[in-house]
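Accompanying notes for the structure given below.
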Amino acid sequence: MAESDPVLYTVDNRVALITVNDPDRRNALTDEMSARLRQAVERAEADPEVHAVVVTGAGKAFCAGADLAALSEAGGGAAEAGLQRLYDGFMAVGACPLPTIAAVNGAAVGAGLNLALAADVRIAGPGALFDARFQKLGIHPGGGATWMLQRAAGPQVARAALLFGMRFDAESAVRHGLALSVADDPVAAALELAAGPAAAPRDVVMATKATMRATISPRSVDSEHHEFAMRTELGPQVYSIQSPEFAERLAAARRK
């Protein structure tokens with residue numbers, strides 16, 4: 001695997017470390033990165049020697065959201081399909097049967113916040129920033145953000161983020177339930193936390209996660225809620241991306 005690959009994958013002590021890897025563009029999600037992210041998650045799932053997954057970002061950002069060009073293209077004729085391609089990577093993280101930890105080393109914005117929220121647990125670095133930013137861009141939330149934020153932090157905090165544009169630094173993310181803890185080295189802290197499932201029988205670890213998914217909401221599993229939320233958001237998000245207001249905001253953002 002080359003250091004220039006959009007997603008890096010390593011395994012050590014039964015923990016897969018998956019790194020979104022485009023630091024020059026703050027790890028903005030593209031179709032290719034999203035597809036590679038899914039491949040990496042599926043690789044971990046298929047490896048009997050992997051008991052847990054840690055996801056992080058290269059450089060100073062965790063993930064700055066969807067690449068603006070990719071987002072603009074997703075607003076074209078096949079808009080829903082385009083958006084789902086961008087979502088595919090973090091949807092794979094959300095559906096992963098193994099324990100997952102997001103080591104949020106920097107800004108997690110828009111779709112990047114979705115990537116962090118898709119994990120079971122988030123550990124924030126000192127420079128972490130949790131920022132939905134959908135409304136500021138003039139677009140409807142997507143990728144299951146409405147459900148994931150409410151699951152992580154409750155309705156009030158989710159509404160503060162999505163309706164009022166509230167952002168959360170590392171300390172406030174912990175206070176509001178968006179992150180478990182703050183660590184100077186979030187990747188090292190995530191790997192230390194992952195040592196728990198790494199030392200346990202893999203089938204027990206996976207069965208425990210499956211049971212927790214089934215019992216949080218009777219008669220369904222949480223990944224089904226995520227899928228439902230993503231599909232419910234698609235129509236309004238497509239409409240917002242195709243609006244003249246979004247085109248103006250996109251053009252202004254590109255001029256900066």
Atom [atom1] of [X] with >12 non-hydrogen neighbours under 6.0 angstrom:
| X | atom1 | answer |
| --- | --- | --- |
| D184 | CG | no |
| N13 | CG | no |
| R38 | CZ | yes |
| E192 | CD | no |
| L163 | CG | yes |

- prompt: What's the verdict on side chain to side chain contact (heavy atoms under 4.5 Å, CB included) for V41 and I18, showing C-alpha distance, side-chain angles and the deciding distance?
  reply: CA-CA 8 Å; V41 172; I18 298 173; 4.1 Å; yes

Using only heavy-atom distances, determine whether the side chains of S172 and D169 contain a donor-acceptor pair under 3.5 Å.
-> yes

| task | Return yes if a side-chain donor-acceptor contact under 3.5 Å exists between D67 and T30, otherwise no. | result | no

Backbone of [Y] reached by a side-chain donor or acceptor of [X] within 3.5 Å:
| X | Y | answer |
| --- | --- | --- |
| S34 | L86 | yes |
| H51 | M206 | no |
| K60 | G127 | no |
| N114 | G142 | yes |
| R26 | G106 | no |
| N27 | A58 | yes |

The side chain to side chain contact (heavy atoms under 4.5 Å, CB included) partner of F130 among R122, H176, M166, R167 is R122

From the list L113, V104, V109, side chain to side chain contact (heavy atoms under 4.5 Å, CB included) partner of F62 resolves to V104

Using a 4.5 Å cut-off on heavy atoms from C-beta on, say whether the side chain of [Y] contacts that of [X].
| X | Y | answer |
| --- | --- | --- |
| R202 | L98 | yes |
| P97 | K209 | no |
| F134 | Q237 | yes |

Which is it for L180 and L193 under the side chain to side chain contact (heavy atoms under 4.5 Å, CB included) test, yes or no, and what are the steps along the way?
CA-CA 11 Å; L180 178 68; L193 184 63; 4.0 Å; yes

Do the charged groups of R175 and E171 touch, with an N to O distance under 4.0 Å?
no

Practice prompt. Report the C-alpha distance between R231 and E227 in whole Å, list the side-chain angles of each, state the deciding distance to 0.1 Å, and finish with yes or no for side chain to side chain contact (heavy atoms under 4.5 Å, CB included).
Written response: CA-CA 6 Å; R231 295 192 179 281; E227 183 76 17; 2.8 Å; yes

